[in-house]
Trainee: 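First the structure, which I've put down as structure tokens, then a few questions once you've had a look.
Atoms within a ligand are numbered from 1 in the order they appear, just like the ligands themselves. Because the structure is a prediction, the values reported are computed rather than measured. Quick note: numbers below take in every heavy atom, side chains included, and nothing from hydrogens, waters or symmetry partners.
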Amino acid sequence: MANYGHFDDAHREYVITRPDTPLPWLNYFGQDEFFGMATQTAGGYTFWKDAKLRRLTRYRYNNNPMDNDGRFLYVKQGKSVWNPGWKPTRTKLDAFECRHGLGYSRITGKKDGIEVEQLMFVPPGENLEVWKISVRNKTKKTQKLSLFSYVEFCSFEALNDMTNYQRTYSIGEVEIEGSAIYHKTEYRERRNHYTLFGCTRKIDGYDTSRDAFVGVHHGLHDPKAVMTGKCTNSRAYGWNPVGAQQINLTLKPGQEETFAIVLAYVEQGDLPKFDSPMVMNKTKGREILAKYSDLKVVEAAFDAVKARWESLLSIYQAPKVPNEHLQRMVNTWNQVQCMATFNLSRSASGYETGIGRGMGYRDSNQDILGFVHLLPARARQRILDIASTQLSDGTCFHQYQPLTKKGNADIGGGFNDDPLWLILSTCAYIRETGDLTILNEPCGYADKPGSKDTLLHHIETSIQYTLNNRGPHALPLIGHADWNDCLNLNCHSKEPNESFQTAGDIAGSKAESVMIAGLFLYATRDLVKLYNFMGQAQDASRIQAHYDDMLKTVEEQAWDGAWYTRAFDAQSNPVGSKSCEEGKIYIESQAWCVLGGAGQNNGRAKKALQAVDKYLYTPEHGCALQYPPYSTYHSELGEVSSYPPGYKENAGVFSHNNTWIHIGWTMFGEGEKALEYYLSICPSAKKDHDKYRSEPYVYAQMTASQFSPTPGEGKNSWLTGTGAWSFVVASQSILGVQPDYTGLRIDPCIPKKWKGFSVSRKFRGVTYSIEVTNPKSKSKGVKSLVVDGQKIAGNIIPLSTDGRTAVKVEVTLGA
Ligand code: BGC
Ligand code: NOJ
């Protein structure tokens, strides 16, 4: 088994030690409005706020060789040409290392005694990324070399940029001033912003035309200018503008040269647009470059990136967990992934092109569950933004563009689960913060411009929507699909040229979703607790009645004998039932019925989990989404049956829904099972990286299942709901530290052999140092809770009222 790297937990880094990983292994920079992505070979791109509408650099997906656009440095020394990140030249290096850290990546390559280090990050609050570059002569002789930088600019609107060459090849414009290249395509007309690509050191040449730098018949692996050792000082007029700078260095033995390159998105604001006709006012660009010409500023900006992460992570740290994988995921990488999914939803990753999908309604609501503890104020704003894309009848725009915050139907609509997720995110936010004022915030409905209906109004509308839209079994209508986008029971598509997601549905269908019923149970139970906390007992009992009613319906209509049926199709035939030839059992209805509290008193919940264990689970890969996979296409089921067996929704291991089962096991005190299942999809625990292929530090959306020809192959990493839900599993369900309305609830569910663990949790202004001991080798049940020396009844640490900001908590399991 090849070894591609290892975790450096002390520095919260993943260290990649060979560049040819099975797939590009990606990292993200930026947390505010400016984002960058880079792989271990410096592939990737950069954008401001919106990867579709404000993309600064280009990236060609689905390409071969893969991952061949990025932030490249080339070294030319004598005849030898190489990249510190190995690509695009792929010249063999004497040493290579890429450290993916939190918000930064540091690539170091060495050849013939020359070492080049490229540290990339986005300083907090800035709309730019910095590359700190160090070139070191590790030999005993003076060495001469040329270093070349390279990025390819995108003309901001990424879809047009990659499809409309008849226009884009004629619009490219740049300016060059000293060591700075200004990309200002469309600036003369409606844009009031530009991209700066500037070097803080004197340069010895530049290119801005790709044809000049790379060569029309060359590639990035042998760019003409680098091969000949000389930039041509080209100015791009149309075609493909790039930024390339040449720096000639003569380094004495042991000498090091350090400088920075800045890639910035600059909004002109009220400044005059032009200094003279065709000459852009560059005041802001010059200021940025001047600022980062001071290496102390660069250092301080990098320190600020690290300090910010340390401060965020200090909100939840579990330093003494008996399992190293859970420990590093919950303390570091899982939270990092939660930041990325919160910021980018499903828009831009190695698999999401940034032009396909924006901020998902159901996705972003779920992402909040793993993010809200980090920056509750941002979660608050997000909840309101999402709610504003709901329509007054309760339906929702399925996604919105981050730049405009306007909902759209580009990837379809009519997903009847969408409205309910808003309740989960809102309740999680209030449990974290105690801030009930969010409920009175006016968000309005997308179809009622100027309306000021409150968030609570949206929540009631959402409940009402499910209640109003029920089918023949009194179960919720599925609409176009529910959480499982591919369960298109009303679409009946027979036309290969249409997308399952946007093809539209037959009118008046009766197809129903048991998963939505379970989600409704979960959401209404959450809401009952919220109303009780608000002192609105009548509202609580009103919602409780809906819960009771739906629970009865689920138990009467959806129990299939050994598990819960998944759905009823447009003809009211069961889906996910023993009576089906294929797709007999689905995971989502087991998960949500159990999580919603069904099957508690009649043994069904446990049976449903056992059925998952029997038919769907393998310890190597986790749980497949359903069983048996569909071997043929069923138009009455839709996209789910379109995938080859064992992939994606057709019985692939869809990590996201596995996490709900993990929570299910903890509800039953099954600590061993919960951890075993947790580890089955945990990227850090994957051993054979040639097989798994995806990053070992973040979750992938999907792993090819036992039913596929390539079991164990991870795909579509980073932007998946698995991020948030896994953090919920590890932090709240297994380690059991749960924010609640009236305090911090402690309810761990751990393997019996764990002797204990500790968690430090900042909650509502207080740092709780929690020590859990397990003297009787139990999995669940708090025997005693001692808070600052005082024994407390029950398992909720009450909110401190006396101004204490540090509280010691001793928990003994074994009730
Ligand atoms: C995928 C789903 C995804 C959907 C988005 C489908 O092709 O299988 O996982 O959520 O597209 O529109
Ligand atoms: C990915 C989508 O982002 C998510 O919304 C959906 O629930 C899953 N696919 C399952 O189809």
Trainee: For the ring pair (Phe, Tyr, Trp, His ring centres under 6.0 Å) test, which of Tyr522, Tyr361, Trp592, Phe520 pairs with Trp421?
Mentor: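 Only match with Trp421 under ring pair (Phe, Tyr, Trp, His ring centres under 6.0 Å): Trp592.
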Trainee: Under 4.0 angstrom from ligand 2, any heavy atom of His656?
Mentor: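 It does not, in that no heavy atom of His656 comes within the 4.0 Å cut-off of ligand 2.
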Trainee: Distance under 4.0 Å to a non-hydrogen atom of Gln701: what atoms of ligand 2 satisfy this?
Mentor: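 Listed by number with element, the hits are 1 (C), 9 (N).
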Trainee: So, is the end of the Arg378 side chain (NZ or CZ) under 6.0 Å from the ring centre of Phe342 and within 45° of the ring's axis?
Mentor: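 No - Arg378 does not lie over the ring of Phe342 by the 6.0 Å and 45° rule.
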Trainee: Run the ring-centre check on Trp48 versus Phe34 and record whether the distance is less than 6.0 Å.
Mentor: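 No, the ring of Trp48 stays outside the 6.0 Å limit from the ring of Phe34, centre to centre.
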Trainee: Distance under 6.0 Å and angle within 45° of the ring axis: does Arg362 meet both against Phe415?
Mentor: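 Pair Arg362/Phe415 counts as cation-pi.
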Trainee: Please identify each residue that fulfils salt bridge (Lys or Arg N to Asp or Glu O under 4.0 Å) with Arg525, with sequence neighbours left out.
Mentor: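 Scan of Arg525 (salt bridge (Lys or Arg N to Asp or Glu O under 4.0 Å), adjacent residues dropped) gives none.
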Trainee: So, Lys49 and Glu33, do they make that salt bridge, N to O below 4.0 Å?
Mentor: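 Between Glu33 and Lys49 there is a salt bridge, with a charged N closer than 4.0 Å to a carboxylate O.
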Trainee: Under 4.0 Å from a heavy atom of Asp485: give me the atoms of ligand 2 that qualify, with their elements.
Mentor: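 Listed by number with element, the hits are 2 (C), 4 (C), 5 (O), 6 (C), 9 (N), 11 (O).
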Trainee: Quick one: sort the Tyr615 and Trp563 rings into parallel, tilted or perpendicular, breaks at 30° and 60°.
Mentor: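 Judged by the thresholds at 30° and 60°, the geometry between Tyr615 and Trp563 is perpendicular.
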Trainee: Give the atom numbers and elements of ligand 2 that come within less than 4.0 Å of a heavy atom of Phe654.
Mentor: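 Listed by number with element, the hits are 8 (C), 9 (N), 10 (C).
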Trainee: Taking it one step at a time, do Asn650 and Phe707 satisfy side chain to side chain contact (heavy atoms under 4.5 Å, CB included)?
Mentor: CA-CA 10 Å; Asn650 189 12; Phe707 307 121; over 6 Å; no
Trainee: Heavy atom under 4.0 Å from ligand 2: found in Glu649's side chain, backbone, both, or neither?
Mentor: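 Under 4.0 Å from ligand 2, Glu649 contributes side-chain atoms alone.
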Trainee: Determine whether any heavy atom of Arg357 lies closer than 4.0 Å to an atom of ligand 2.
Mentor: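 Yes, Arg357 has heavy atoms under 4.0 Å from ligand 2.
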Trainee: Among all protein non-hydrogen atoms, which one is nearest to atom 6 (C) of ligand 2, and what is the separation to 0.1 Å?
Mentor: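 Looking at atom 6 (C) of ligand 2, the protein heavy atom closest to it is Trp483 O, 3.2 Å.
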Trainee: On a heavy-atom basis, I'd like to know which of Asp363, Asp482, Asn484 is closest to atom 5 (O) of ligand 2.
Mentor: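 When every heavy atom of Asp363, Asp482, Asn484 is considered, Asp363 comes closest to atom 5 (O) of ligand 2.
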Trainee: Note every protein N or O atom lying under 3.5 Å from an N or O atom of ligand 1, pairing the names and giving the distance.
Mentor:
residue, atom, partner, partner atom, Å
ligand 1, 7 (O), Glu639, OE2, 2.5
ligand 1, 7 (O), Tyr643, OH, 3.0
ligand 1, 8 (O), Tyr643, OH, 2.5
ligand 1, 8 (O), Glu649, OE1, 2.9
ligand 1, 8 (O), Glu649, OE2, 3.4
ligand 1, 9 (O), Lys648, NZ, 3.1
ligand 1, 9 (O), Glu649, OE2, 2.7
ligand 1, 10 (O), Asp485, OD2, 2.4

Trainee: Going through the distances and angles, do Cys443 and His458 end up as a side chain to side chain contact (heavy atoms under 4.5 Å, CB included)?
Mentor: CA-CA 8 Å; Cys443 356; His458 283 255; 3.9 Å; yes
Trainee: Over all heavy atoms of both residues, which pair between Gly664 and Leu595 is shortest? Give the atoms and the distance, please.
Mentor: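 Gly664 and Leu595 have their closest heavy atoms at N-CD1, 4.0 Å.
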